[in-house]
J.: 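Take this structure first; my questions come after.
Proteins come first, then strands; the chains are lettered A, B, ... in the order of their sequence lines, and each starts at number 1. Please read these numbers as outputs of a predicted model, since none were measured by experiment.
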2 protein chains.
Amino acid sequence: MSTRGASPKGQERSEAILDAAERLLVDEGHSALSLRGVAQRAGIRLGNLQYYFATREELVRALLARVLERATAQLEERMGAADTPARALDTAVEALLEDQKDPASYRLFYDLWALAAREPTIATELRAFYARYIGTVAERLGLAAPELSRAEVHARAELLVALLEGLSLFRSGTLGAPDRKVEAELWRVSTWLTTVSEPAPPAPSRKKGPQRR
Amino acid sequence: MSTRGASPKGQERSEAILDAAERLLVDEGHSALSLRGVAQRAGIRLGNLQYYFATREELVRALLARVLERATAQLEERMGAADTPARALDTAVEALLEDQKDPASYRLFYDLWALAAREPTIATELRAFYARYIGTVAERLGLAAPELSRAEVHARAELLVALLEGLSLFRSGTLGAPDRKVEAELWRVSTWLTTVSEPAPPAPSRKKGPQRR
DNA sequence: TGACAATTAGGTCATCCGACCTAATATTCA
DNA sequence: TGAATATTAGGTCGGATGACCTAATTGTCA
């Protein structure tokens, strides 16, 4: 949603600017995402960039929207591309695991998580993204384990997504590297989530914990 | 490890500066972590701050070291504080879940994850932190499930830590809120990780944990 | 062809940044 | 007491930033 540039050429230019901004964001982080830097990467002048995105916030919003939209589309496409509906989840998880081997694919999200903690508008959009993400997973999970309640299925979907997001930290090269054993155990957990419906073990007793982690 | 200030008062001042820096980091993110800002929050002059930390990087390194050291100590203290050794993991997980309800406790780590993706020195320290973190968890996991191999135990520990880190995203208020159902399912996964050890297809289990298929 | 939008270009402005420096005062302790 | 250390105060410097502005050029379509 850029300010101007409705014509085909304008649209193209707009996309190119967002491409440059995204590359800059991945490479240097959101604090380095300056209008000048983006303009330089895009190979255009500052004034020209400002014709499309008058302020930095406008640029960031457009970039965020594009990134999340793309991620959503990719997830749903992957779900649909499975051999059988039952394998949809496995296929998507497989693809995500593959993505995690590329640092660039997640660096962007690390910045987004940090940003969302402070900028409510970004938090709102990210929240909507993950809600849809988890919803899609829950849908498939419900098909695989029909005896589970709606709430249970949703909880497990959230758990699975959290696991994958957390795992990205240890697989994208910066804090760790992909590990076969871990992948194997992940598959066991994943199948467990979609199959086992036994009653939960007793919850541990409560105890007031100290602050901070 | 500040540059100067070995005397008790200097030590105190040094800690106060790091406190201010940490508050600023949590509130505004690492891009807002300026020497001037820290000095203002600490209620001292810029020159005074520079007496303790000559450069920004020095400050950041000291801050990072203190944060990770504290987190490590807290985790190990929590493990040790359990009623029984067997409950050590549960106790620690409980405490972590409690922490996750406070946004401030994790915001800092979101920034660290983003930073680590670009600054090798930070990545190195964070990696060491998580290695120790996962190692501690693996140790306890090994006690709870002695029939698992060392590698399996380590893989499960990494999985559990990843799950908790990922979960923090959805529990710290910005992208979601704590949810009882999710917690319940987390406990099931957690106990599953510490109890179930039979391979995928065969063999009846004697453990209390849920069974597959 | 002419009008109008799209696009490019270049420059100004106040503001903040980190690094660096010097001088003066206060505190501590041998 | 006197010397070393800790602390405060104020300033300079080059550099980068975002917002804003204006003029010139290109492209499109009636």
J.: I need the CD1-C1' distance between A:Ile44 and C:dT7, as an integer number of Å.
T.: 10 Å
J.: Atom pairs under 3.5 Å, N or O on each side, protein against nucleotides 17-19 of chain D: can you list them with distances?
T.:
residue, atom, partner, partner atom, Å
D:dT17, OP1, A:Ser34, OG, 3.3
D:dG18, OP2, A:Leu35, N, 3.0
D:dG18, N7, A:Arg36, NH1, 2.4
D:dG18, O6, A:Arg36, NH2, 3.2
D:dA19, OP2, A:Arg56, N, 3.3
D:dA19, N7, A:Gln50, NE2, 3.4

J.: Indicate whether any N or O donor in one side chain lies under 3.5 Å from an N or O acceptor in the other, for A:Tyr110 and A:Ser168.
T.: yes
J.: Check side-chain hydrogen bond (donor to acceptor under 3.5 Å, both in side chains) between B:His154 and all other residues, then give those that pass, not counting sequence neighbours.
T.: none
J.: Can you list every ring pair (Phe, Tyr, Trp, His ring centres under 6.0 Å) pair that touches residues 157-179 of chain B, not counting sequence neighbours?
T.: A:Tyr130-B:Phe170
J.: Rounding to an integer number of Å, can you tell me how far B:Leu59 CG sits from C:dA19 P?
T.: 10 Å
J.: I need the CZ-P distance between A:Arg45 and D:dT25, as an integer number of Å.
T.: 16 Å
J.: Quick test of your reading of the model: are A:Arg132 and A:Glu76 salt-bridged, counting only N-O distances below 4.0 Å?
T.: yes
J.: Could you state the atom-to-atom distance from CG of B:Leu49 to C1' of D:dA6 in whole Å?
T.: 14 Å
J.: Checking A:Asp102 against A:Arg171 for the salt bridge (charged side-chain N to carboxylate O under 4.0 Å, His left out) test, could you report, in this order, the C-alpha distance in whole Å, the side-chain angles of both residues, the deciding distance, and whether it holds?
T.: CA-CA 9 Å; A:Asp102 171 26; A:Arg171 291 173 50 87; over 6 Å; no
J.: To the nearest Å, give me how far apart CG (B:Leu24) and P (C:dC17) are.
T.: 10 Å
J.: What is the separation between atom CD on A:Glu28 and atom C1' on D:dA16, rounded to the nearest whole Å?
T.: 14 Å
J.: Measure the acute angle between the ring planes of B:His30 and A:His30, then classify it against the limits of 30° and 60° as parallel, tilted or perpendicular.
T.: perpendicular
J.: I need the OH-P distance between A:Tyr52 and C:dA5, as an integer number of Å.
T.: 16 Å
